[in-house]
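One structure is given here, and the rest of the page talks about it.
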Amino acid sequence: MELLDDGIVPEHAREVKHDAREFAAEHIIPNAEEHYRRGEYPWEILEAGMDAGLVAQDIPEEYGGRGFDLQQVLAIAEEFYRADAGIALTLQLASFGAEILADHGSEAQKEEYLRPVAANEQLTGLAVSEPETGSDLAGMTTAAEKDGDEWVLNGEKYWIGNGVEADWVTVYAKTGDDPDNRYGNYSLFVVPTDADGYDAEHIPEKMGFRASKQAHIEFNDCRIPEENLIGAEGAGFFMLAEFFNHGRVIVGGHGLGLAAAAIEEANDFVHDREAFGRDVADFQAVQHTLAEMRLEFEAARALTWRAASKVAASDDAGFWAALAKTKSTEVAAECAEQGMKLHGGRSVLADRRIARVYRDVRIPVIYEGANDIQRNLIYRQQPK
Ligand SMILES: Cc1cc2nc3c(=O)[nH]c(=O)nc-3n(C[C@H](O)[C@H](O)[C@H](O)COP(=O)(O)OP(=O)(O)OC[C@H]3O[C@@H](n4cnc5c(N)ncnc54)[C@H](O)[C@@H]3O)c2cc1C
């Protein structure tokens, strides 16, 4: 069964998609279950991904990357997530803090911080969410205050991918207090994780995505040089919103990979299992369930690839990105639910792929903006 065919993938993204599939078959699929069980950071798979030229290569060629565009990263995401979501997130997060820097950083920042990530010598992350809120970007309290030629950060971040493992993170912090311009009060900074006053520890174990690691970060008078401000002071929210348009299309790919895994697994199971003297797949109700899964999957995939073109062309990007993210992640959740049903009792065996997918699909509906927030964006940003 070929669900992630490349007919819908633009020509320039097909080669890297094939490379990603081969890599997933060799390095991710055989290790997925064990990594899930151990819940450890998959360092050796990350290194293999680096050797294969598939990690952090969205960084522009002039700074040492392969300059993968949105469609190429989406093609990789579908393949990696089909194989295992936790390992996939780790592979794709290595450059999570880098895209904003590539788009808005100074030449000196790009030379110092992007180049080592593209060379796979450093890892990065993006620190936005806080213990008290992840959704309200204008309600975050981590603050940066100017003191001479330094910025001093105080506050906490939560859920930060690579917050422990990264060499530097892009941090979203409050730099203003204008109640009439709530979204103009935030800025972005490059914060090296070895800066004094940066403390990070892993958050408690998760039920899904167990081969990826998130951190609770505390900034206690964490001092960074003034030149670590990214772009203009007060422009943080707007840079982040632009970045999320790309990120949410990629998260659409996370949903598609997970949905494909659920459909494959359900399909295999019902063709291999008998009840009442015939294959479970012979019952029309089961066929309708599988047909419904396929129907929703194809709709989500068409929408996500359409959104990728729209976002790449900056054509109502926020609207299309929110549509793709919401639809694909919810289709993944529904396909996993139905896949569990079709597995009967075996669905709850912890080492089954369908059970792993069922636990993983709870997560992309939340990150990069919970789907309720996406619905707000879809309503408000729909083209008139
Ligand atoms: C595995 C994982 C990895 C993550 N990685 C990162 C990372 O690398 N960097 C980072 O910064 N963050 C990361 N996050 C955080 C993620 O972005 C937030 O969890 C998410 O934005 C939701 O924020 P919250 O958990 O604080 O939920 P809250 O903001 O408290 O919202 C809880 C719920 O309330 C409802 N709600 C809230 N506001 C509204 C509204 N306006 N309208 C309608 N409903 C609403 C929604 O149902 C929402 O799900 C990660 C999260 C997970 C689970």
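We count ligands from 1, going down the list as the structure has it; atoms in each ligand are counted the same way. For reference, positions follow the sequence shown, starting with 1. Only heavy atoms go into these numbers, but all of them, side chains included; no hydrogens, no water, no symmetry mates.
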Minimum-distance protein heavy atom relative to [atom]:
{"atom": "atom 2 (C) of ligand 1", "answer": "Tyr367 CD2, 3.9 Å"}
{"atom": "atom 23 (O) of ligand 1", "answer": "Gly134 CA, 3.2 Å"}
{"atom": "atom 25 (O) of ligand 1", "answer": "Trp159 NE1, 4.1 Å"}
{"atom": "atom 39 (C) of ligand 1", "answer": "Ile373 CD1, 3.5 Å"}
{"atom": "atom 9 (N) of ligand 1", "answer": "Leu126 O, 2.9 Å"}
{"atom": "atom 20 (C) of ligand 1", "answer": "Ile366 O, 3.6 Å"}
{"atom": "atom 29 (O) of ligand 1", "answer": "Ser135 OG, 2.6 Å"}
{"atom": "atom 49 (O) of ligand 1", "answer": "Ala370 CB, 3.4 Å"}

Selected option - heavy-atom contact closest to atom 42 (N) of ligand 1, from Asn376, Leu240, Asp372 =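 Among Asn376, Leu240, Asp372, the closest heavy atom to atom 42 (N) of ligand 1 belongs to Asn376.
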Return the option from Ser129, Pro364, Ala215 holding the heavy atom at the smallest distance from atom 10 (C) of ligand 1.
->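 Selected option, by shortest heavy-atom distance: Ser129.
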Ignoring angles and geometry beyond distance, decide whether Phe96 reaches within less than 3.5 Å of ligand 1 through its nitrogen or oxygen atoms.
->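 For ligand 1, there is no N or O atom that lies under 3.5 Å from one belonging to Phe96.
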For ligand 1, is there an N or O atom under 3.5 Å from any N or O atom of Gly161?
->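 Yes; at least one N/O pair falls below 3.5 Å.
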Under 4.0 Å from ligand 1, counting heavy atoms only, is it the side chain of Arg375, its backbone, both or neither?
->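 For Arg375, no heavy atom sits under 4.0 Å from ligand 1.
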Would you please say whether a donor-acceptor pair under 3.5 Å links the side chains of [X] and [Y]?
{"X": "His104", "Y": "Glu242", "answer": "yes"}
{"X": "Asn185", "Y": "Asp177", "answer": "no"}
{"X": "Lys17", "Y": "Gln72", "answer": "no"}

Provide the full list of ring pair (Phe, Tyr, Trp, His ring centres under 6.0 Å) pairs with a residue in residues 161-198, sequence neighbours left out, each pair given once.
->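 Of all non-adjacent pairs touching residues 161-198, those that pass ring pair (Phe, Tyr, Trp, His ring centres under 6.0 Å) are Tyr113-Trp168, Trp151-Phe189, Tyr172-Tyr186, Tyr183-Phe237, Tyr198-Phe219.
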Check: Tyr367 ring centre within less than 6.0 Å of His254 ring centre |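 Yes - the distance between ring centres of Tyr367 and His254 falls below the 6.0 Å cut-off.
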Under 6.0 Å between the ring centres of Phe243 and Phe238?
->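 Phe243 vs Phe238: aromatic centres not under 6.0 Å.
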Is it true that atom CD of Gln284 has more than 12 heavy atoms of other residues, nucleotides or ligands lying nearer than 6.0 Å?
->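 At most 12 heavy atoms, drawn from other residues, nucleotides or ligands, come within 6.0 Å of this atom.
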Cationic N near anionic O, under 4.0 Å, Arg82 to Glu264 |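 Between Glu264 and Arg82 there is a salt bridge, with a charged N closer than 4.0 Å to a carboxylate O.
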